[in-house]
Amino acid sequence: MPELPEVETTIKGLEPLIGTFIINIKIHTPKLRFLIPKNIINIKRGIKIKKIERRGKFIIISLSNDYSIVIHLGMSGRLRLFNIKKYNKIKHDHFSLKTNKKQLLIFNDVRRFGFIDYDKSNKICNKKYIVNLGLEALDCSLTGKYLQSKICNKTVQIKQILLDQTIIAGIGNIYASEILFNAKISPLEFGKDLSVANCNKLVISTKKILQRAINAGGSTLKDYVSTDGILGNFQNKFKVYNRGGQKINGRIVKKIVQYGRSTYYCPKLQIKNK
DNA sequence: CGGCAAACCTGCGAGC
DNA sequence: TGCTCGCAGGTTTGCC
C-alpha cells in the first residue's frame with residue numbers, strides 16, 4: 001500500500017489525534033519487522049499527542065513526554081482510526097492506541113514488514129533509518145542538479161535509483177513507473193548516462209505525480225483504505241502500472257522485471273538514449 | 001564500496 | 001475442488 005502519497009493520506013487521517021491524551025497502548029503482536037519496544041506500553045495515561053509528521057515513508061508521532069512513536073507501514077501495513085464503540089478486531093490487528101476522545105488507532109499489517117519504534121525524540125532523528133534518508137521527494141531542495149550529482153557514477157538503472165530512499169525519500173514501486181512514464185524516460189537508462197536536463201524532467205515528474213496522487217487520496221490496491229475507511233482513487237489514474245499489454249496513446253505498455261521488482265513502461269514513448 | 005539476490009511474511013489469483 | 005506457483009505497495013542482510 002504505502003508510498004509517499006498513501007503515507008501522506010494516512011497522516012492527514014490521523015489529525016484528529018493531535019492534542020488528545022493517551023489512555024493506553026496495547027501490543028497484540030510483539031514482533032513485526034522487529035520487536036516493538038516493550039516500554040511503549042508503559043506510556044503514562046495523560047501523555048499528550050503533540051505532532052504527527054511524515055519523513056519519507058515514516059510516520060513520526062511526537063508525544064509530550066519527549067518520546068516519539070515511529071511507524072513504517074511496510075508493504076501491507078495500514079493505520080485506521082475508530083470510535084472505540086465501532087471497533088471490531090480483525091485478523092492482523094497488531095497494535096492499538098486509545099485516547100481520551102474515545103478514539104482507537106489500530107495498526108494492521110498482513111505481511112508484518114512494517115514496524116513500530118519508540119524512543120526519545122532526540123534519538124529518533126539519529127536512527128539509521130532516518131539519518132540515511134535522502135531529500136524529501138516533494139521538497140523544493142530536490143532539484144535535477146541534486147539528483148544528477150547523486151547518480152552520475154551509478155551503474156544501476158534509473159528505475160532502481162528512484163526506489164533508493166537514500167537519494168530521494170518517498171518514491172515506491174508504483175510511482176517509480178508512473179514518474180518515468182510521465183518524464184518520458186526509459187526505466188532501463190543507467191544513472192550515469194542521465195543528463196541534468198533529464199534529471200530535471202524526472203524531478204518535475206516526481207513532484208507532479210506524487211502531488212496528484214495525494215490530491216486523489218492515494219492509491220488503493222487490494223483492500224487498502226485510508227484511516228477513515230475511504231478508498232483512495234489514484235489507481236484509476238495509473239497510466240502504465242499494472243497495465244502490461246494494454247495501450248496508452250496507441251502504444252503498448254510492457255511489463256519487465258528489474259532488480260526483482262515489476263516495472264511497467266512504454267518502450268515507444270520512453271526511448272533509451274544509450 | 002557497489003550491486004544484486006535472498007530473506008522477512010501472508011494471501012490471492014492463475015493454471016493445472 | 002484443491003494443489004502449487006508466482007506475485008504483491010518495502011527494506012535489510014549477506015555475499016561476491
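Below, read A as the first sequence line, B as the second, and so on, with proteins coming before strands; counting in each chain starts at 1. Everything quoted here is computed from the prediction, not taken from an experiment.
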Note to self: Counting primed atoms plus P, OP1 and OP2 as sugar-phosphate and everything else as base, spell out the protein contacts along nucleotides 11-16 of chain C at 4.0 Å heavy-atom distance: B, S or - for each nucleotide, 5' to 3'.
What the structure shows: BS----

Next item on the list: Report the C-alpha separation of A:Tyr175 and A:Phe234 in whole Å, then their side-chain angles, then the decisive distance to 0.1 Å, and conclude whether the ring pair (Phe, Tyr, Trp, His ring centres under 6.0 Å) test is met.
Entry: CA-CA 11 Å; A:Tyr175 296 112; A:Phe234 192 75; 5.8 Å; yes

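- Within a 6.0 Å sphere centred on NZ of A:Lys89, other residues, nucleotides and ligands contribute more than 12 heavy atoms.
- Defined by atom type and a distance below 3.5 Å, a donor-acceptor pair is missing between the side-chain atoms of A:Thr20 and A:Asn100.
- Sorted by first and then second residue, the pairs that involve residues 176-198 of chain A and meet side chain to side chain donor-acceptor pair (under 3.5 Å), not counting sequence neighbours, are A:Asn182-A:Ser205.
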Notebook entry, point to check: Could you walk me through whether A:Asp109 and A:Ser76 pass the side chain to side chain donor-acceptor pair (under 3.5 Å) check?
Noted result: CA-CA 5 Å; A:Asp109 186 1; A:Ser76 54; 2.6 Å; yes

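- Note on A:Gly172: only backbone sugar-phosphate atoms sit closer than 4.0 angstrom, heavy atoms only; bases stay farther off.
- Per the geometry, CG belonging to A:Asp93 stands 15 Å off P belonging to B:dT10, to the nearest Å.
- Within a 6.0 Å sphere centred on NZ of A:Lys268, other residues, nucleotides and ligands contribute 12 heavy atoms or fewer.
- Computed from coordinates, the A:Asn173 CG to C:dC7 C1' distance equals 12 Å when rounded to whole Å.
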Next item on the list: Applying side-chain contact (heavy atoms from CB on, under 4.5 Å), run through A:Leu194 and A:Leu202 and close with a yes or a no.
Entry: CA-CA 10 Å; A:Leu194 283 176; A:Leu202 273 175; 4.0 Å; yes

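- Rounded to whole Å, atom P of C:dG10 lies 14 Å from atom CD of A:Gln258.
- A:Gln148 contributes no side-chain N or O that, together with a main-chain N or O of A:Lys145, makes up a donor-acceptor pair within less than 3.5 Å.
- Here B:dC12 presents its P atom at 17 Å from CG of A:Asn242, a figure rounded to the nearest Å.
- Pairs passing the side chain to side chain donor-acceptor pair (under 3.5 Å) check and including a residue from residues 245-254 of chain A, sequence neighbours excluded, read A:Arg243-A:Gln246.
- For A:His92, a side-chain nitrogen or oxygen approaches OP1 or OP2 of B:dG11 to under 4.0 Å.
- Taking the six-membered ring for Trp, A:Phe115 and A:Tyr129 have ring centres closer than 6.0 Å.
- Whole-Å rounding puts the A:Asp164 CG to C:dG10 P distance at 13 Å.
- DNA chain C is contacted by A:Arg111, A:Phe113 of residues 111-126 of chain A, taking any non-hydrogen atom closer than 4.0 Å.
- Between A:Ile167 and the choices A:Leu147, A:Leu142, A:Leu133, the side-chain contact (heavy atoms from CB on, under 4.5 Å) rule is met once, by A:Leu147.
- Rounded to a whole angstrom, the distance from the C1' atom of C:dG9 to that of B:dG3 is 23 Å.
- Stem analysis of DNA chain C (Watson-Crick or G-U pairs, both distances under 3.5 Å, runs of at least three) returns B:2-8 with C:10-16, B:10-16 with C:2-8.
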Next item on the list: Please lay out, stage by stage, how A:Asp93 and A:Tyr87 fare under the test side chain to side chain donor-acceptor pair (under 3.5 Å).
Entry: CA-CA 11 Å; A:Asp93 280 354; A:Tyr87 170 65; 2.8 Å; yes

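- Salt bridge A:Arg55/A:Glu136: present, at least one basic N to carboxylate O contact under 4.0 Å.
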What are the atom names and distances for every N/O pair under 3.5 Å that joins the protein to nucleotides 2-4 of chain B?
| residue | atom | partner | partner atom | Å |
| --- | --- | --- | --- | --- |
| B:dG3 | OP1 | A:Thr155 | N | 2.9 |
| B:dG3 | OP1 | A:Thr155 | OG1 | 2.6 |

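- Atom C1' of nucleotide B:dA7 and atom CE of A:Met75 are separated by 12 Å, given to the nearest angstrom.
- Remark: the separation of the P atoms in B:dA7 and C:dC5 is 16 Å, to the nearest Å.
- By the 30° and 60° cut-offs, the orientation of the rings of A:Tyr241 relative to A:Tyr264 is perpendicular.
- The NZ atom of A:Lys91 sits 9 Å away from the P atom of B:dT10 (whole-angstrom rounding).
- Atom pair A:Asp109:CG and B:dG11:P shows a separation of 11 Å (rounding to whole Å applied).
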